[in-house]
Trainee: 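There's a structure below that I have some questions on.
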2 protein chains.
Amino acid sequence: MAVFSFLSPVFIAIICLLIVIILQNKRGNEKVKKRKEKTDKESRPWVDEDLQDSTEVPADEDGKDEDMDEDDISHIPFSPLRHDEQDMVKRSKEFYEMLNQRRSVRFISNESVSREVIDNIIRAAGTSPSGAHTEPWTFVVVQDPEVKHKIREIIEEEEEINYRKRMGDKWVNDLKKLRTNWIKEYLDTAPYLILIFKQIYGILSSDRKKTHYYNEISVSIACGILLAAIQYAGLVTVTTTPLNCGPRLRVLLERPVNEKLLMLLPVGYPNKDATVPDLKRKPLEDIMVVV
Amino acid sequence: MAVFSFLSPVFIAIICLLIVIILQNKRGNEKVKKRKEKTDKESRPWVDEDLQDSTEVPADEDGKDEDMDEDDISHIPFSPLRHDEQDMVKRSKEFYEMLNQRRSVRFISNESVSREVIDNIIRAAGTSPSGAHTEPWTFVVVQDPEVKHKIREIIEEEEEINYRKRMGDKWVNDLKKLRTNWIKEYLDTAPYLILIFKQIYGILSSDRKKTHYYNEISVSIACGILLAAIQYAGLVTVTTTPLNCGPRLRVLLERPVNEKLLMLLPVGYPNKDATVPDLKRKPLEDIMVVV
């Protein structure tokens with residue numbers, strides 16, 4: 001007991017030391033946590049909280065899909081239509097000139113447009129390539145005026161918060177030249193809103209999940225083809241990515257949980273007094289390098 | 001001292017307890033770390049280590065760009081060409097039918113193709129919309145046979161590792177139906193390889209960085225338009241995303257550090273004996289929902 005008694009101050013010192021270690025550990029953890037939150041959220045303000053590249057890998061993958069018969073798919077000869085060289089140069093030029101007339105238009109008239117045209121432009125988008133031919137897209141065409149108005153309410157509510165709080169001065173400043181803000185009249189006036197959802201995984205008939213490789217890139221490519229089809233038909237649109245509206249719009253449109261909103265395109269004719277910012281495109285030499 | 005002596009066993013108990021708390025804290029941290037590593041890497045094997053959605057926000061942003069004069073850009077009337085309704089239906093149908101002939105072709109002939117056609121299809125891609133009109137793309141056109149062969153060596157080397165190790169049985173199995181592997185003859189034979197780089201930030205003349213919002217989505221849309229232009233001209237390609245080859249190809253092609261490889265398209269005529277897998281596309285009712 002004499003030894004213990006002699007050591008008592010040492011015990012107390014050790015206790016103090018251990019308490020200090022515990023407290024420092026805690027503070028360190030909090031710092032790491034804060035830093036993580038910062039890199040995850042604050043530094044990438046335009047990344048939709050719901051979007052990300054969120055391809056999901058099913059946990060129960062066993063290397064075999066149900067559509068195993070596709071492994072034995074036959075390969076067939078392919079010899080497409082061939083244009084002679086002069087015709088090819090002419091066609092490539094006329095396609096460029098047609099697309100170069102395209103502008104993002106934020107003033108869309110309420111004139112009606114034939115549904116057949118909409119069906120065809122979505123058929124065109126559906127010809128896009130996709131990772132492992134998974135075709136991970138859903139095009140929701142909204143023509144019901146009430147649903148369009150509900151979409152407008154959701155988007156304007158979130159966009160006002162985006163402009164005022166989430167986006168930051170820098171981004172709002174970068175958009176000034178386009179004169180955009182959170183009032184989106186075209187969501188009511190355009191005869192059609194096309195909401196493009198990416199499927200972050202597929203669902204097989206047995207309720208098992210199917211991996212959708214590169215789904216965001218694939219669906220973005222399909223949107224590019226959709227834009228070309230809209231222009232070729234002679235309609236206008238504006239490419240929008242409603243920031244942080246995805247979850248609410250998904251619920252409104254009753255889409256399943258494997259679908260996430262990537263883009264929204266209002267489609268129609270331009271208003272009679274539509275204007276566009278007088279922007280120029282980069283010349284070829286600024287976007288192409290030849291090796 | 002008598003009191004201390006009496007308390008000695010209590011001190012020892014407290015010391016033991018504090019040591020246990022410290023050890024548990026440590027073990028907990030390690031678990032969190034491991035779990036984080038797992039979600040970050042293991043569960044997303046196809047996400048190129050170099051790719052991600054890596055839009056970079058300059059640290060020294062001050063809310064003002066040099067091209068401030070763009071804020072005062074004028075807005076001009078916009079009244080595009082208008083087709084009558086019947087003509088519009090016809091055009092939308094013919095555009096779909098033209099694109100529906102497109103197939104991903106892995107057998108490309110070494111026949112030469114006019115550079116003028118390549119220039120025009122890249123001009124067409126350059127008409128794409130982009131976040132805040134940043135045009136964050138660089139199209140590198142490779143026609144030099146030696147450089148093409150070096151590209152092939154890099155890609156085949158990495159792709160063999162991808163197929164054997166990185167991709168996993170499941171993914172390799174999903175690609176079986178396309179009969180793809182790591183031998184890419186088209187990288188030598190195609191008269192042109194177009195490598196599409198996304199600029200994760202821009203560089204202003206004062207060497208300051210410029211934010212490129214949504215650059216991956218924007219460049220993917222441009223690739224969609226490029227694919228449509230290639231098809232319209234009458235050439236073929238296959239959409240490839242060379243996994244983990246980005247950094248080596250960027251160095252080979254002497255591209256700056258703000259550019260990351262997104263896609264590679266070999267462009268040319270199909271071989272005379274080219275085949276394609278006999279795949280079907282989803283019908284309209286499987287990709288479109290009308291509300």
Trainee: Answer yes or no: is there a side-chain heavy-atom contact under 4.5 Å between A:Pro80 and B:Gln231?
Mentor: no
Trainee: In terms of heavy-atom proximity below 4.5 Å to chain A, should B:Leu18 be classed as side chain, backbone, both, or neither?
Mentor: both
Trainee: State, with a plain yes or no, whether a side-chain heavy atom of B:Gln143 is found less than 4.5 Å away from one of A:Val290.
Mentor: yes
Trainee: Against chain A, label B:Ser79 side chain, backbone, both or neither, depending on which of its atoms sit under 4.5 Å from a heavy atom there.
Mentor: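 Nothing of B:Ser79, per the 4.5 Å heavy-atom cut-off to chain A.
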Trainee: Taking every heavy-atom pair that is under 4.5 Å apart, which of A:Val89, A:Thr239, A:Asp286, A:Leu235 has the most such pairs with chain B?
Mentor: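 Of the candidates given, the most pairs with chain B belong to A:Val89.
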Trainee: Find out whether B:Trp137 and B:Ser128 are in side-chain contact, i.e. whether some heavy atom of one side chain is under 4.5 Å from a heavy atom of the other.
Mentor: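 Yes, at least one pair of side-chain atoms sits under 4.5 Å.
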Trainee: Between B:Lys272, B:Glu94, B:Lys90, which has the largest tally of heavy atom pairs under 4.5 Å with chain A?
Mentor: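 Greatest number of close heavy-atom pairs with chain A: B:Glu94.
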Trainee: Can you tell which part of B:Val238 gets under 4.5 Å to a heavy atom of chain A, answering side chain, backbone, both or neither?
Mentor: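 It is neither, since no heavy atom gets under 4.5 Å.
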Trainee: Would a 4.5 Å heavy-atom cut-off, applied to side chains only, mark B:Val105 and B:Thr237 as touching?
Mentor: no
Trainee: Relative to chain B, which of A:Ala125, A:Ser130, A:Gly126 shows the most heavy atom pairs under 4.5 Å?
Mentor: A:Gly126
Trainee: Excluding sequence neighbours, so at least two apart, what forms side chain to side chain donor-acceptor pair (under 3.5 Å) with A:Arg91?
Mentor: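 For A:Arg91, the residues satisfying side chain to side chain donor-acceptor pair (under 3.5 Å) (neighbours in sequence not counted) are A:His83.
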Trainee: Looking at chain A, which one of B:Arg115, B:Glu254, B:Lys148 has the largest number of heavy-atom pairs inside 4.5 Å, strictly under?
Mentor: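 Going by pairs under 4.5 Å, I would pick B:Arg115.
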Trainee: Please rank A:Arg103, A:Lys282, A:Met98 by heavy-atom pairs under 4.5 Å with chain B and give me the top one.
Mentor: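 Greatest number of close heavy-atom pairs with chain B: A:Lys282.
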Trainee: Before giving the answer on side chain to side chain contact (heavy atoms under 4.5 Å, CB included), spell out for B:Asp278 and A:His75 the whole-Å C-alpha distance, their side-chain angles and the decisive distance to 0.1 Å.
Mentor: CA-CA 5 Å; B:Asp278 192 15; A:His75 284 232; over 6 Å; no
Trainee: Let me confirm one number: the OG1-CG distance from A:Thr241 to A:Leu243, rounded to the nearest 0.5 Å.
Mentor: 7.0 Å
Trainee: With a 4.5 angstrom heavy-atom cut-off, which part of B:Val236 approaches chain A: side chain, backbone, both or neither?
Mentor: side chain
Trainee: Is it the side chain or the backbone of B:Thr134 that comes within 4.5 Å of chain A heavy atoms, both, or neither?
Mentor: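 Contact with chain A involves the backbone of B:Thr134 alone.
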Trainee: Looking at A:Leu284, A:Thr138, A:Ile225, which one has more heavy-atom pairs under 4.5 Å with chain B than the rest?
Mentor: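 Among the listed options, the one with the most contacts to chain B is A:Leu284.
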Trainee: At a 4.5 Å cut-off on heavy atoms, which part of B:Gln101 comes close to chain A: side chain, backbone, both, or neither?
Mentor: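 Just the backbone, heavy atoms under 4.5 Å.
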Trainee: Sort out for me which of B:Glu85, B:Arg102, B:Glu116 touches chain A most, counting heavy-atom pairs under 4.5 Å.
Mentor: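 Sorted descending by pairs with chain A, the first entry is B:Arg102.
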Trainee: Is there side-chain contact between B:Tyr96 and A:Tyr232, with heavy atoms separated by less than 4.5 Å?
Mentor: no
Trainee: At a heavy-atom separation under 4.5 Å, does B:Glu97 approach chain A through its side chain, its backbone, both, or neither?
Mentor: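 Neither part.
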Trainee: Which region of B:Ile194, side chain (C-beta onward) or backbone (N, CA, C, O), has a non-hydrogen atom less than 4.5 Å from a non-hydrogen atom of chain A, or is it both or neither?
Mentor: neither
Trainee: What residue in A:Asn271, A:Ile230, A:Ile287, A:Leu99 has the most heavy-atom pairs under 4.5 Å with chain B?
Mentor: A:Ile287
Trainee: What part of B:Val142 is in contact with chain A, defined as an atom under 4.5 angstrom from a non-hydrogen atom: side chain, backbone, both or neither?
Mentor: both
Trainee: Considering only heavy atoms from C-beta outward, does the side chain of A:Leu195 approach that of A:Arg255 to under 4.5 Å?
Mentor: no
Trainee: Quick one: what part of B:Ser114 sits under 4.5 Å from any heavy atom of chain A, side chain, backbone, both or neither?
Mentor: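 Both parts, heavy atoms under 4.5 Å.
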Trainee: By a 4.5 Å heavy-atom criterion (distance strictly below it), what part of A:Tyr192 contacts chain B: side chain, backbone, both, or neither?
Mentor: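 For A:Tyr192, there is no contact with chain B at all, as no heavy atom is under 4.5 Å.
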Trainee: Salt-bridge test for B:Asp119 and B:Arg123: reply yes if a basic N is under 4.0 Å from a carboxylate O, no otherwise.
Mentor: no
Trainee: Do the side chains of A:Ile76 and B:Val276 get nearer than 4.5 Å, heavy atoms only?
Mentor: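 Yes, their side chains come closer than 4.5 Å.
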Trainee: What part of B:Phe197 gets closer than 4.5 Å to chain A, counting heavy atoms only: side chain, backbone, both or neither?
Mentor: neither
Trainee: Taking side chain as C-beta onward, heavy atoms only, is B:Tyr269 less than 4.5 Å from B:Val113?
Mentor: yes
Trainee: Can A:Asp84 and A:Arg82 be counted as an ion pair, charged N to O under 4.0 angstrom?
Mentor: no
Trainee: Return the option, out of B:Pro129, B:Ala228, B:Ser104, with the maximum number of heavy-atom pairs under 4.5 Å with chain A.
Mentor: B:Pro129
